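Values below: every heavy atom of this structure, side chains too, minus hydrogens, waters and symmetry copies. Only a predicted model underlies this, so the values are computations on that prediction, with no experimental measurement involved.
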Protein chains: 2
Amino acid sequence: MYPRKNADAGSVSTINTSSGMAENGWPRANKLWSNLSDVCTLLRINISSSITDDDFRFQHVHFKPGQRIHTVGQPFDMLYIVNSGFLKTVMIDESGNEQVISFPMKGDLFGIDGIHNRQYTSEAVALSSCDIILVPFKKFAAMGRTHADLETAIYSVMSRELTREQAMVSMLGSLCAEARVARFLVSLSDRFSALGYSGKEFNLRMTRHEIGSYLGLTLETVSRTLSAFNDIGLISVDQRAIAINDLHALKTLRRLPPSRARTKPDSAKKKALAAVAAAAQSTEAVPAA
Amino acid sequence: MYPRKNADAGSVSTINTSSGMAENGWPRANKLWSNLSDVCTLLRINISSSITDDDFRFQHVHFKPGQRIHTVGQPFDMLYIVNSGFLKTVMIDESGNEQVISFPMKGDLFGIDGIHNRQYTSEAVALSSCDIILVPFKKFAAMGRTHADLETAIYSVMSRELTREQAMVSMLGSLCAEARVARFLVSLSDRFSALGYSGKEFNLRMTRHEIGSYLGLTLETVSRTLSAFNDIGLISVDQRAIAINDLHALKTLRRLPPSRARTKPDSAKKKALAAVAAAAQSTEAVPAA
DNA sequence: CGGAATATTGAGGGTCATCAAATGTCGTGG
DNA sequence: CCACGACATTTGATGACCCTCAATATTCCG
């Protein structure tokens, strides 16, 4: 039912020597292991109490671009945390079309969707070289039973993911294409900043097609919108390279004025965009519209 | 920051006599209480072990149409389970627009979004008279620590909600208006059936505007689509009363054929819809497109 | 270098939002 | 009981937004 490359995740936890292990389709596992403290730090969880007595070690596995961490229908028993690299998670509808759900990066947890039916409903694909921490869910939950902070944090992370998806639904239901792309850029900028990277200049790790799938748009609309943002100076874009020139305008770009643009039909869109940018820059002095 | 009717939920748990308590804006609490076993049954959780020793009682509160169970920004410490009635949950974006996120009904759990930031990010409003069970989250989680099945179930419910929202994102990103409305009707039908009510005939508890908000459409589009379904016989609709005439066609309605309709522009849509319905009914014998 | 994948840009049309008007429903009070 | 207003629903006309199709340019990688 899920005829993809890699086998089930269960077999991995049995490999404790981590030599080469190219068997059964799984990529090589580096000899890196994390303890609970490392994991909590990565998830930005404040674990107060002394947990140094935990001897459990979480295994790291390395994936190359294009490799799948888990597939739809695969039996669930692991959560995954990104230690480095970039991925996408996708759902596959009944007609076989992929829909991008999220772009996990360092510190993000994924695989939660597998808990309910004891198998994953989504698929995670590496977009770059990735170092992924395997988190056996049963063990993790059991540790939560003795570490109150950890249990709270697990619930919290799941709640955060739910809120994130709800915000996504809200966005798809109410924002126009330009606002969606603007928010996407702002979101990426914020996430890079939070990780200590530059929020002003970064490279997109995904294609226009994947961005469009994530935002409910076509790749052409994404490309056109990025070009339009570039033309009016909000960003500078060259293929995958992005430079944010006016973060505030991107953040406040909501929905281009419904009508009221008496200019000729041609070039009206660019004028509207420019007007929005101008209004956003001069935060207060809007000339009576 | 959240200047709505009702006060914080925290004060309620202190009321154990449940007399009239019309104070502080909360609606009257009936003298109904549930134990853990009742709650698990309602949530469709299989609790194996003996949990009859639990003396904790979950309070019921009654809400009338229009009343809010919780509001955005309100401090979180409760989850809520619907014992009877129908509600909506909404998110409110920065410009004050409401976006319907879900329509909870009997057996559904809501309030999960409040865990992460210790305050709700959404608002729950009763659409009919509702009997709601208050579930103090800390107490619930603590019970999960001693009842493994319960802990698993809590994680499972949260995972299910996440998956549901992901499916919603996928739908909004890929389906046209007719397919969204069709899925909405099928979803309602399935949920009513699962509760023992008729999945063929039921009343909508929400307005066209709320349906549209939920599906990312305008109320006019919802109305038009329902009328179109009615015209080709898929359903019978009269205001809030719905009768499903062809569930299979609704389930298989995906996306009306992109082009290929060389008929005149007028009435082309109805022909396309009729064609889809016919194709869905004769599940196999499609005459060469 | 050459082929595949990705990205850009243009032209045209379909879907659905917007605006508008009429009808239907419901609760309230005269 | 009916008038009245507020709200919900239906239906039509119009066109903006964005998808589709298409051609070209650019990058990546063997």
**OP:** Look at the side chain of B:E220 against the base of C:dC19 and say whether a donor-acceptor pair falls under 3.5 Å; ignore hydrogens and angles.
**Re:**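 Indeed there is one.
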Subject >> Any donor-acceptor pair under 3.5 Å from A:T225 side chain to A:E178 backbone >> reply: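 The answer is no, because no donor-acceptor pair under 3.5 Å joins these two groups.
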**OP:** Would you check if the side chain of A:S227 reaches a backbone N or O of A:S223 as a donor-acceptor pair within less than 3.5 Å?
**Re:**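 It does hold such a pair.
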Please report the distance, rounded to the nearest Å, between [atom1] in [X] and [atom2] in [N].
X      : N      : atom1 : atom2 : answer
B:L215 : C:dT15 : CG    : P     : 18 Å
A:F229 : C:dT8  : CZ    : P     : 14 Å
B:R205 : D:dA8  : CZ    : P     : 17 Å
A:L226 : D:dT26 : CG    : C1'   : 16 Å
A:L204 : C:dA5  : CG    : P     : 21 Å
B:E210 : D:dA8  : CD    : P     : 8 Å
A:L219 : C:dA5  : CG    : C1'   : 12 Å
B:E178 : C:dG14 : CD    : P     : 15 Å

Closest to the [X] side chain: [options]?
X      : options                : answer
B:L217 : C:dA17, D:dT10, D:dC19 : C:dA17
B:R224 : D:dC18, C:dC16, C:dT18 : C:dT18
A:R208 : C:dC19, C:dC16, C:dT8  : C:dT8

Please determine whether a side-chain nitrogen or oxygen atom of [X] lies at a distance below 4.0 Å from atom OP1 or OP2 of [N].
X      : N      : result
A:R240 : D:dT27 : no
A:T218 : D:dT20 : no
B:S227 : D:dT11 : yes

**OP:** For A:G212, report the nucleic acid contact type (base, sugar-phosphate, nothing); a contact means any heavy atom under 4.0 Å.
**Re:**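 Contact class for A:G212: none.
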**OP:** Specify whether B:F192 and B:F86 have parallel, tilted or perpendicular ring planes, treating 30° as the upper limit for parallel and 60° as the lower limit for perpendicular.
**Re:** tilted
**OP:** Measure the acute angle between the ring planes of B:Y80 and B:F110, then classify it against the limits of 30° and 60° as parallel, tilted or perpendicular.
**Re:** parallel
Original post:
What do the steps show when you test A:Y197 against A:F202 for ring pair (Phe, Tyr, Trp, His ring centres under 6.0 Å), and what is the final call?
Top reply: CA-CA 8 Å; A:Y197 306 133; A:F202 49 83; over 10 Å; no
